Participant: 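A single structure is presented below for examination.
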Protein chains: 2
Amino acid sequence: MTQMNKRTRRVSSRASSIGARTRAGKRPATPRHAAACAGPLDSLLNPGLFRALCDPTRASLVACIAKCGRGCSVGEVAECCSVDLSVVSRHLAILADAGVLHVRKEGRTVFYAVCYSDLTKLLRELADAIDECRPDGSPDGGCCAPR
Amino acid sequence: MTQMNKRTRRVSSRASSIGARTRAGKRPATPRHAAACAGPLDSLLNPGLFRALCDPTRASLVACIAKCGRGCSVGEVAECCSVDLSVVSRHLAILADAGVLHVRKEGRTVFYAVCYSDLTKLLRELADAIDECRPDGSPDGGCCAPR
DNA sequence: CCAATACTTGCACGATGACGCAAATGAACA
DNA sequence: TGTTCATTTGCGTCATCGTGCAAGTATTGG
């Protein structure tokens with residue numbers, strides 16, 4: 001439930017308004033870029049992870065826990081930032097849901113810790129997948145290279 | 001209107017209401033986790049990049065351009081997804097602003113291409129920085145390891 | 001059993017974001 | 001110069017998000 005397709009009209013409004021285009025007479029059929037290859041990039045670029053880390057408060061919570069090196073309780077983490085404890089609780093749940101953190105309950109205390117392996121693995125795989133797309137040994141961006 | 005204007009104070013209400021805490025008597029002073037080390041994690045976890053990639057449409061645009069391997073015009077990229085061309089234009093600008101893409105103008109056409117080097121470098125540095133925080137050779141998450 | 005602790009959930013609210021449409025800008029070409 | 005093409009910008013709308021407070025739910029300890 002992180003962020004499903006809001007809008008709801010998006011697709012229909014564009015996919016079916018072929019004859020009604022005021023703008024360019026663009027054809028919605030066979031976008032050759034996307035069809036080129038369905039490599040691992042699509043799944044790795046899944047916005048879920050980024051969605052979790054895009055909030056400044058959440059990012060700082062992750063940094064806080066990561067630097068701590070061990071599991072931290074909600075109250076402990078809440079000392080790191082200036083938002084309400086309930087907000088921290090919510091943020092940590094979101095991060096855990098996205099696979100950034102994992103949870104361990106001990107009595108009435110809840111410990112959150114960084115999923116080091118998963119996270120770094122994902123980041124490196126993403127970097128590899130992007131490299132994979134790179135045209136040959138081009139310095140950057142193929143025909144669009146700054147020079 | 002059970003409980004109207006409680007907003008508006010947000011920051012002050014938390015930074016200065018030390019003695020008025022209903023919840024935990026949390027002290028805002030010296031959060032020891034954050035103080036532990038100010039490593040590169042903080043800057044690398046800058047939400048800017050994640051903010052740019054957290055939108056599904058933007059993520060698919062990046063994947064589209066990346067897989068294309070070369071620079072793509074706005075109109076070309078717009079064929080990849082079902083949103084209006086103006087929306088694509090806006091998204092691409094956001095991505096370029098975040099350093100994910102770079103721009104090259106040629107006549108009246110604007111080409112966007114992935115900043116391969118910068119992006120992969122950043123991702124790998126982030127992975128390294130996270131690894132750095134990892135306690136010794138622990139499999140994952142120190143005291144919070146799943147088992 | 002009751003109280004305290006640690007956290008989560010419900011709720012309302014303001015801010016931000018994504019979107020489509022229409023109009024505007026800028027570059028090439030007649 | 002005026003027209004066409006490619007893209008950007010203004011604007012209004014609607015959904016989602018982050019937040020604080022209050023109340024609720026476990027869990028521990030007396």
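Everything quoted here is computed from the prediction, not taken from an experiment. Just so we're on the same page: letters track the sequence lines, and every chain starts at 1.
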Participant: Would you indicate whether the side-chain heavy atoms of A:His102 and A:Tyr112 approach each other to under 4.5 Å?
Facilitator: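 In short, these two side chains do not touch, never coming nearer than 4.5 Å.
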Participant: Quickly work out the B:Glu79 CD to D:dA6 C1' distance and round it to whole Å.
Facilitator: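 Atom CD in B:Glu79 sits about 13 Å away from atom C1' in D:dA6.
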Participant: Is there, by distance only and without an angle test, a donor paired with an acceptor across the side chain of A:Arg58 and the base of D:dG18 below 3.5 Å?
Facilitator: no
Participant: D:dT7, C:dG20, C:dA18: which one has an atom nearest the side-chain heavy atoms of B:Arg51?
Facilitator: C:dA18
Participant: Please report, rounded to the nearest Å, how far the C1' atom of C:dG17 is from the CD1 atom of B:Ile94.
Facilitator: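 Roughly 8 Å, once rounded to whole Å.
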Participant: To the nearest Å, how far apart are A:Asp97 CG and D:dC17 C1'?
Facilitator: 15 Å
Participant: Ignoring backbone atoms, test whether B:Tyr112 places a side-chain nitrogen or oxygen under 4.0 Å from the OP1 or OP2 oxygen of D:dT8.
Facilitator: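 So the side-chain polar atoms of B:Tyr112 do come within 4.0 Å of the phosphate oxygens OP1 or OP2 of D:dT8, strictly under.
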Participant: Hey, is A:Cys64 close enough to A:Cys80 that the SGs sit under 2.5 Å?
Facilitator: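 The sulfur gammas are closer than 2.5 Å, so yes.
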Participant: Ignoring hydrogens and geometry beyond distance, is the side chain of A:Ser86 in donor-acceptor contact with the base of D:dC21 at under 3.5 Å?
Facilitator: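 Per atom types, the contact qualifies.
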Participant: Find the distance B:Leu95:CG to C:dG17:P and express it as a whole number of Å.
Facilitator: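 Rounded to whole Å, this separation is 14 Å.
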Participant: Any side-chain N or O of B:His91 under 4.0 Å from OP1/OP2 of C:dG17?
Facilitator: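 For C:dG17, neither OP1 nor OP2 has a side-chain N or O of B:His91 closer than 4.0 Å.
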Participant: I want to check one thing: is the phosphate of D:dT19, taken as OP1 and OP2, less than 4.0 Å away from some side-chain N or O of A:Thr57?
Facilitator: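 Checking D:dT19 against A:Thr57, a side-chain N or O does come within under 4.0 Å of OP1 or OP2.
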Participant: Rounding to a whole Å, what distance do you find between A:Leu92:CG and C:dA6:C1'?
Facilitator: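 Rounded to the whole Å, the gap is 13 Å.
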Participant: Name the residue closer to the 5' end of DNA chain C, choosing between A:Val88 and A:Arg108 according to the nucleotide with the nearest heavy atom.
Facilitator: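 The residue closer to the strand's 5' end, by nearest nucleotide, is A:Arg108.
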Participant: Which part of the nucleic acid does B:Val110 contact within heavy-atom distance under 4.0 Å: base, sugar-phosphate only, or nothing?
Facilitator: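 B:Val110: backbone/sugar contact only, no base atoms under 4.0 Å.
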Participant: If you measure only the distance, is there a donor-acceptor pair under 3.5 Å linking the side chains of B:Arg134 and A:Thr120?
Facilitator: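 No, because no side-chain N or O of B:Arg134 sits under 3.5 Å from a partner of the opposite role on A:Thr120.
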Participant: Any chance the SGs on A:Cys54 and B:Cys54 are under 2.5 Å from each other?
Facilitator: no
Participant: Quick one: B:Leu85 CG to C:dG20 C1', roughly how many Å, whole number?
Facilitator: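 Interatomic distance, CG of B:Leu85 to C1' of C:dG20: 12 Å.
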Participant: By nearest atom, which of the nucleotides C:dC19, D:dA6, C:dC7 is closest to the B:Asp55 side chain?
Facilitator: C:dC19
Participant: Rounded to the nearest 0.5 Å, how far does CG of A:Leu49 lie from CG of B:Leu53?
Facilitator: 9.5 Å
Participant: Please give, in whole Å, the distance from C:dC7 C1' to A:Asp84 CG?
Facilitator: 12 Å
Participant: Please tell me which of the listed nucleotides, D:dC21, D:dA6, C:dC7, lies nearest to the side chain of A:Val74?
Facilitator: C:dC7
Participant: Let me spell it out: for each of B:Ser73 and B:Arg90, pick the nucleotide of DNA chain D with the closest heavy atom. Which residue's pick is nearer the 5' end?
Facilitator: B:Ser73
Participant: Is there a side-chain contact between B:Ser89 and the phosphate of D:dT9, meaning an N or O under 4.0 Å from OP1 or OP2?
Facilitator: no
Participant: What is the separation between atom NZ on B:Lys105 and atom C1' on D:dT7, rounded to the nearest whole Å?
Facilitator: 8 Å
